[in-house]
Amino acid sequence: MPELPEVETVVRGLRVSLPGRTILDVRLGKTDFIDDPVALGEQLPGTQILDVTRLGKFIAIGLAPVGRAPETSERLYLIVHLGMTGQLMTRPAGDAVPAHTHVFFGLDDGRELRYTDVRRFGRMLLVPESKIALFQERLGAEPLEITLKEFCTRFGSRGARVKALLLDQGILRGVGNIYADESLFRAGIHPARIARTLTKAQLAALHKSVRQILTSAIRLRGSSVSDYVDSDGNRGEFQFRHRVYQREGKPCSRCRNKIRRVIVAGRSSHFCPRCQPAPRSRKARRKGKKS
DNA sequence: AGCTCTTCCTGAAAGC
DNA sequence: TGCTTTCAGGAAGAGC
């Protein structure tokens, strides 16, 4: 499922051949994941693609109107979130169309930019340049850029479980279930630990492991565990490096204990019970104090 | 206010 | 064999 490394891989792929192209037309299938489907057809034909960037797990395609009056020529962003099963790919217009392909952007070089999404957990919307700052306000820090100090500020005071905070896009933008679990394993921290009970050293270890895991995953072009493929249809390879994610019952690569799975923050959370010791329960803490 | 749980969707895999 | 049930997960919104 697309998290930061997968979205980054897609963005890098699209950046190779999209800038400079003009969108000729828009064709739509199911549209329940699009904020304003009519606007796509009205505003996109004739626009030229300027650049492709990543905002957390969102893909932002910058567009400039072509041959329009200046008052209507504000730069526009086509924002795409891949959800769980979304794929954004370029294909020659005549190529066979996979099932669940719901958006087609015809390009001036004979290709199509296509959006395919089996479960339609994705999202698509248009944001004018003037609203892009507002759009980004809801997003937290970029995990590859956040300083240790800022990381400690955002995590150190919180009473939520650390796994829930890693998944919260308002704190860090881009981390999802796979990389949260892999980062916690690398840092030796149990997913259910309350963030503000983490030591300074543990926060530092987590800050470092998140960046290391994401960087390695980008290098291997992401994890293909279900439908994920990049903008050319290629699978990633980081799934072969997973140490805990979807490895329940298998031996820990570090200590050989069996990897376990529990639900934390409503999500499957994979961890090694020995390398990531469980937080003591309230009951156990009371007992410990009395004696 | 802060945190957790439920809901949306579909197909693969497990269960009977 | 074939049907039913369960599970996966991002993020909005409900609930506590």
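Reminder, nothing fancy here: chain letters follow the sequence lines and each chain counts from 1.
Checking R161(A) against R119(A), the closest nucleotide of DNA chain B that is more toward the 5' end is the one next to R161(A).
The interatomic distance linking D117(A) (CG) with dG10(C) (C1') rounds to 11 Å, in whole Å. To the nearest angstrom, P of dG10(C) lies 14 Å from CG of L172(A). Protein atom CD of Q239(A) is 16 Å distant from nucleotide atom C1' of dA8(C), rounded to whole Å. Between the CG atom of L82(A) and the C1' atom of dA11(C) there is a distance of 14 Å, given to the nearest Å. Rounded to an integer number of Å, the gap from E6(A) CD to dG9(C) P is 13 Å. In this structure, E3(A) atom CD and dA8(C) atom P are separated by 15 Å, rounded to whole Å. Put simply, CG on D168(A) is 18 Å from P on dG9(C), counting in whole angstrom units. Distance, E248(A) CD to dC7(C) P: 11 Å, rounded to whole Å.
Residue contacts for F33(A): at a heavy-atom cut-off of 4.0 Å it reaches no nucleic acid atom on any strand shown. Contacts of R267(A) with the nucleic acid, taken as non-hydrogen atoms under 4.0 Å apart, include base atoms.
The closest side-chain donor-acceptor pair between E74(A) and S130(A) falls under 3.5 angstrom. Judged purely by distance below 3.5 Å, without hydrogens or angles, the side chains of R261(A) and S268(A) pair a donor atom with an acceptor atom. A donor and an acceptor atom, one from each side chain of D181(A) and Y179(A), are nowhere located under 3.5 Å apart. A donor-acceptor contact closer than 3.5 angstrom links the side chains of S17(A) and R111(A). Looking at Q48(A) and R21(A), their side chains never bring a donor and an acceptor atom within 3.5 Å of each other.
The aromatic ring of F121(A) does not stack onto the base of dA11(C), failing the criterion of a centre distance under 5.5 Å from the six-membered base ring together with planes under 30° apart.
Set against dA12(C), dA8(C), dG10(C), the side chain of R261(A) has dA8(C) as its closest nucleotide. Nearest nucleotide to the side chain of K57(A), out of dG9(C), dA12(C), dG10(C): dG10(C).
When every heavy atom of R114(A) is checked against every heavy atom of P92(A), the shortest pair comes out as NH2-O, 3.7 Å.
Checking the phosphate oxygens (OP1, OP2) of dG9(C), a side-chain nitrogen or oxygen of S268(A) falls inside 4.0 Å. Considering only side-chain N and O atoms, Y228(A) lies nowhere under 4.0 angstrom from the phosphate OP1 or OP2 of dA8(C). In this model, the phosphate group of dA11(C) is approached by a side-chain N or O of H81(A) to a distance below 4.0 Å at OP1 or OP2.
With sequence neighbours excluded, no residue forms a salt bridge (Lys or Arg N to Asp or Glu O under 4.0 Å) with R267(A).
Close approach of DNA chain B to chain A, defined as any atom under 4.0 Å from a non-hydrogen atom of the protein, starts and stops at dC3(B) to dG11(B).
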